[in-house]
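Read the structure below first, then the notes.
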Amino acid sequence: MRGLPRPVILIRCRMNLSSNIVVLTGAGISADSGVPTFRDSGGIWAKYDYREVATPEGYAANPALVHEFYNLRRAGLKEVKPNPAHKALAQLEEAMAEAGGSLTLVTQNVDDLHERGGSKSVLHMHGELTKVCCTACGDVRAWLHDLSLKTECPVCRALGTLRPHIVWFGEMPMLMDEIAEAIAVADQFVSIGTSGSVYPAAGFVSEARSLGIPCMEINLKPSENAYLFDTAFYGPAAEQVPLWLDRLRSSGSR
Ligand code: APR
C-alpha cells in the first residue's frame with residue numbers, strides 16, 4: 001500500500017574519541033594568548049578599515065600600507081604563545097588518532113598558535129601570516145620577515161611581488177573541498193571562538209545541521225548564529241576547551 005514516505009530516523013553514536021569531529025576555530029581561541037580579535041570592542045576592525053588593508057583593491061591602491069599592517073601582525077606572533085585551548089586541541093588530535101577517530105581542525109586564524117600548540121594538521125582556510133605568495137610566479141613559501149615593495153621573490157627575482165598568503169575579503173577561501181568532505185562524514189561539528197559573521201565559515205554549522213550532525217558552540221558569548229547549535233558552552237576558550245576535552249575523555253557523551 002502506498003502511503004506517506006517513511007520518516008528518516010537518524011541514529012548517531014555517542015560522541016567519543018573514536019568519532020569523527022570537525023572543529024572550526026576563530027579569533028576567540030587566540031584571544032586568551034593576547035592576539036586581538038576582529039569585531040570585539042577594541043578589535044582589529046575598530047582600528048583599521050578592512051577595505052584598505054584586507055581587500056585586493058586596498059592592496060592595489062596602497063600596498064605599502066597593507067605590508068605595514070601584516071608586518072606588524074607577523075612580528076606580533078613572536079610576542080604570543082599558545083594557550084590551553086590550542087594545547088587541548090592538539091591533545092585531542094592525538095587521542096582521537098590513537099582511538100581510531102579523527103579530528104579535522106579548520107581555522108580562520110592566520111596565526112600559527114595551533115601548530116605551536118602541537119596540532120599536526122591544521123586547515124588554514126584564510127591563509128597564514130607566516131607564508132607569502134608571489135603574484136608574478138605563484139610561489140608560496142614560509143616567510144617570517146617583513147615585506148616591502150623592495151622585497152625580491154627568491155624564485156623569479158621580481159621586485160615587490162610578494163604578498164601575504166592571506167585570503168582577503170572578496171577572495172576565495174582555501175581548502176573548501178577538503179573541509180566539505182570532512183563535514184560530510186563528521187559525527188559532530190564544533191565551533192570555537194568565532195562570531196559567525198563571515199561566510200563561508202559561518203555557514204558550516206548550517207551545512208552540518210542539514211546532514212543531521214550535532215553541532216556545539218564554545219564561545220565567550222553567544223555568536224551571531226548561536227541559535228543553530230544544539231549545545232553551547234560559554235566562557236573563555238582557554239577554560240572551556242580543556243573542559244570539553246575532559247568530558248570527551250571521561251564520559252564520551254558530548
Ligand atoms: N574565548 C572564546 N571566545 C572569545 C574570547 C575568548 N577568550 N574572546 C572573544 N571571543 C569570541 C567573541 O565573542 C567573538 O564571538 O570570539 C569571537 C571573535 O569574533 P571575530 O572577531 O569576528 O573573529 P572571527 O569570527 O574569527 O572572524 C572571522 O573575519 O575579518 C575576518 O578574516 C578575518 O578570520 C577572520 C574572520
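In each ligand, atom 1 is the first atom listed, and ligand 1 is the first ligand listed. This structure is a prediction, so every number in the text was calculated from the model and none was measured. Only this structure's heavy atoms are used, side chains among them; waters, hydrogens and symmetry mates stay out.
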Exercise for the section: Output all residues satisfying ring-ring contact (aromatic ring centres under 6.0 Å, His included) with Tyr234, sequence neighbours left out; order by chain, then residue number. Expected result: none

Exercise for the section: For Phe38, check ring-ring contact (aromatic ring centres under 6.0 Å, His included) against everything at least two apart and list the hits. Expected result: Trp45

Exercise for the section: For the pair Glu217 (side chain) and Ser223 (backbone), establish whether a donor and an acceptor sit closer than 3.5 Å, ignoring hydrogens and angles. Expected result: yes

Practice task
Collect the protein residues that have a non-hydrogen atom under 4.0 Å from ligand 1 and hand them over in chain and number order.
Solution key: Gly26, Ala27, Gly28, Ala31, Asp32, Thr37, Phe38, Arg39, Asp40, Trp45, Gln108, His126, Phe169, Gly193, Thr194, Ser195, Val198, Asn219, Leu220, Lys221, Gly235, Pro236, Ala237

Practice task
Verify, without hydrogens or angle tests, whether Ser30 (side chain) and Ser33 (backbone) share a donor-acceptor contact under 3.5 angstrom.
Solution key: no

Handout entry: His67: ring-ring contact (aromatic ring centres under 6.0 Å, His included) partners, not counting sequence neighbours
Key = Tyr59

Fill in the blank from the handout: Nearest heavy-atom contact between Ile183 and Leu211 is O-CD1, 4.1 Å

